[in-house]
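Down below is the structure, laid out as structure tokens.
Since the model is a prediction, treat every value here as computed from it, not as a measurement. When a residue number appears, it is its place in the shown sequence, counting from 1.
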Amino acid sequence: MQVRNRTAVQEFILEGFPAVQHLGKILFLVHLLAYLASIMGNTLIITITWADHRLHTPMYFFLSTFSFVECCCITTVIPKLLAIFLSGRQAISFAACFTQAFVFIFLGSTAFFLMVVLSLDRYLAICRPLRYSSIMSPRVCFLLVTTCFTLGFVFAVAPVVHLSQLSFCGPNVIPHFFCDFGPLAKLSCSDSRSTEMLFFYLIFLGLLISLLVTIITYSNIIVTIVRLPSAKERQKAFSTCSSHLIVLSLMYGSCLFIYVKPKQTSRVDFNRQAALVNTVLTPVLNPVIYTLRNKQVHQALRGALCRGKVNQWQRKTFLSVLLFQLP
């Protein structure tokens, strides 16, 4: 990004969590395990979705895309956090810091829009089952995902580019574990109020629209579930919806707490803790809640394991026959 010549800061220092730095090794291990669990869970979802033809449906296409975005999003943040836990404050270059801020906002916004698409998909599948196949065609699914990425890019590029045009002449310590928009705006020597308000209005608009759509769709889903004749079907549907709503509550609650306030510089310590919910907790829960509790995924996993055992048996048989025929 083009930055004004009067910018003096060449790098920033990520402060992390100085109050608990004495627990660095323990926190490193905990967050490393959470990161690996999230990566493996989301990668498993992507692999199973594309390997099993029974999962080639709109819902699992959206879920696999969501899992891919989750993996990329947390990978932009967690490795630096792990380094902070091991060795304390970490330096990050000016360009890398703004790149991290852009990628995080871009992928985070895309994830929220994908969640809206997932809720719409469930609404059509449950409330409009007869029209579901005709509406959710492969072309429509691709357009919806493309729209999510496009909106995420638009929501990220404007405020980050505006922020990068401001002056940064010191101090350069960011009271956070990654280059988030609010802490960066606080360090600017220029008047950042217009940039902060632009970011506030964009995030508020995006969160408000996605939240309203999600509430409307799930309200209709719940009404439809209540009318189901079978108590077993109602219990199963409510169990799935309640799990989804838990993740939605965590994500929306933490983002509303962090970003939707005109003054981006307040409650820094609480913002760091709330940011951990989005970057550590929900990425671990999402694979479990969205698919690993699903019977279709269980069947696909069992099928993959069975095919693996059959292939292993075939290889052993082939080697035995080959060895037997050798002179």
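- Looking only at side-chain heavy atoms (C-beta outward), Pro183 and Asp180 come within less than 4.5 Å of each other.
- When atom types are taken as modelled, the side chain of Asn220 and the backbone of Ile216 share a donor-acceptor pair closer than 3.5 angstrom.
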Stepwise ring-ring contact (aromatic ring centres under 6.0 Å, His included) test for Phe98 and Phe168: CA-CA 12 Å; Phe98 277 89; Phe168 292 87; 5.7 Å; yes

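- Phe104 and Phe178 have tilted rings, their planes meeting at an angle from 30° to 60° on a 0 to 90° scale.
- Nearest heavy atoms, Tyr132 versus Met59: OH-N, 4.0 Å.
- The only member of Leu29, Leu23, Leu27 that meets side chain to side chain contact (heavy atoms under 4.5 Å, CB included) when paired with Phe85 is Leu27.
- For the atom pair Thr110 OG1 and Phe68 CZ, the distance stands at 10.5 Å (nearest 0.5 Å).
- Contact record, Thr195 with Leu166: OG1-CD1, 4.1 Å, taken as the closest heavy-atom pair.
- For the atom pair Asn172 CG and Glu11 CD, the distance stands at 6.5 Å (nearest 0.5 Å).
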Give the C-alpha distance, both sets of side-chain angles, the deciding distance and a yes or no for side-chain contact (heavy atoms from CB on, under 4.5 Å) between Ile13 and Ile174. CA-CA 6 Å; Ile13 305 296; Ile174 301 176; over 6 Å; no

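- In the hydrophobic clustering of this structure, Tyr218 groups with Ile215; members are Ile, Leu, Val, Met, Phe, Trp, Tyr whose side-chain heavy atoms approach within less than 4.5 Å, directly or through other members.
- Of the possible polar contacts, one joining the Ser188 side chain to the Ser190 backbone as a donor-acceptor pair under 3.5 Å is found.
- Within the hydrophobic cluster formed by Ile, Leu, Val, Met, Phe, Trp and Tyr side chains joined at under 4.5 Å, directly or through other members, Phe113 is accompanied by Leu151, Phe155, Leu198, Leu202.
- Inter-residue side-chain proximity for Tyr60 and Trp50 is flagged as unmet; no heavy-atom pair is nearer than 4.5 Å.
- Contact record, Thr99 with Ala95: OG1-O, 2.7 Å, taken as the closest heavy-atom pair.
- The side-chain hydrogen bond (donor to acceptor under 3.5 Å, both in side chains) test applied to Ser210 returns Tyr252, not counting sequence neighbours.
- Nearest heavy atoms, Ala101 versus Leu184: CB-CD1, 4.2 Å.
- Using a 4.5 Å heavy-atom cutoff, the side chains of Val145 and Val117 are not in contact.
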Assess the residue pair Val160 and Ile105 against the criterion (side-chain contact (heavy atoms from CB on, under 4.5 Å)); give the C-alpha distance rounded to whole Å, side-chain angles, the decisive distance to 0.1 Å, and a yes or no. CA-CA 9 Å; Val160 174; Ile105 298 172; 3.9 Å; yes

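- The distance from the CZ atom of Phe17 to the CD1 atom of Ile84 is 8.0 Å, given to the nearest 0.5 Å.
- Phe177 and Ile26 fall within the same hydrophobic cluster, where Ile, Leu, Val, Met, Phe, Trp and Tyr residues are linked whenever their side-chain heavy atoms come under 4.5 Å apart, directly or through other members.
- Counting heavy atoms from C-beta on, the side chains of Thr214 and Met115 never come closer than 4.5 Å.
- Looking only at distances, a side-chain donor or acceptor of Ser164 sits under 3.5 Å from a matching main-chain atom of Val161.
- Side chain of Ser119 to backbone of Thr217: no donor-acceptor contact under 3.5 angstrom is found.
- More than 12 heavy atoms of other residues, nucleotides or ligands shown are found within 6.0 angstrom of CZ on Phe149.
- Hydrophobic cluster membership differs between Leu82 and Leu33, with clusters built from Ile, Leu, Val, Met, Phe, Trp and Tyr side chains linked at under 4.5 angstrom.
- Under a 4.5 Å side-chain heavy-atom criterion applied to ILVMFWY residues, the cluster that includes Leu143 comprises that residue alone.
- Follow the hydrophobic side-chain contacts under 4.5 Å out from Leu32 and you reach Val20 in the same cluster.
- No single ILVMFWY cluster, assembled from side-chain heavy atoms under 4.5 Å apart, contains both Val284 and Phe66.
- Between Leu107 and Val69, the shortest heavy-atom distance links the atoms O-CG1, 3.3 Å.
- Residues meeting the side chain to side chain contact (heavy atoms under 4.5 Å, CB included) test with Ser137, sequence neighbours left out: Arg139, Val140.
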Would Glu196 and Tyr201 count as a side-chain contact (heavy atoms from CB on, under 4.5 Å) if you check the C-alpha gap in whole Å, the side-chain angles of each, and the deciding distance to 0.1 Å? CA-CA 9 Å; Glu196 290 184 63; Tyr201 287 129; over 6 Å; no

Let me see the working for Ser134 and Arg131 under side-chain contact (heavy atoms from CB on, under 4.5 Å), right down to the final yes or no. CA-CA 6 Å; Ser134 60; Arg131 300 182 60 189; 4.2 Å; yes

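- Between Ile203 and Phe181, the closest side-chain pair of non-hydrogen atoms is not below 4.5 Å.
- To the nearest 0.5 Å, the span separating CD1 on Ile209 from CZ on Phe112 amounts to 14.0 Å.
- The structure places CG of Leu14 at 10.0 Å from CG of Leu81, a figure rounded to the nearest 0.5 Å.
- Remark: side-chain polar atoms of His56 are paired, donor with acceptor, to backbone N or O of Thr49 under 3.5 angstrom.
- Counted within 6.0 Å of CZ on Phe28, heavy atoms from surrounding residues, nucleotides or ligands total more than 12; the atom is thus considered enclosed.
- With rounding to the nearest 0.5 angstrom, the OG atom of Ser167 is 11.5 Å from the CG atom of Asp191.
- The side chain to side chain donor-acceptor pair (under 3.5 Å) analysis of residues 150-159, with sequence neighbours excluded, yields no pairs.
- Listed by first then second residue, pairs satisfying side chain to side chain donor-acceptor pair (under 3.5 Å) with a partner in residues 62-91 read Tyr35-Thr75, Asn42-Ser67, Glu70-Asn286, Ser87-Gln90, not counting sequence neighbours.
- When every heavy atom of Gln100 is checked against every heavy atom of Cys179, the shortest pair comes out as OE1-N, 2.8 Å.
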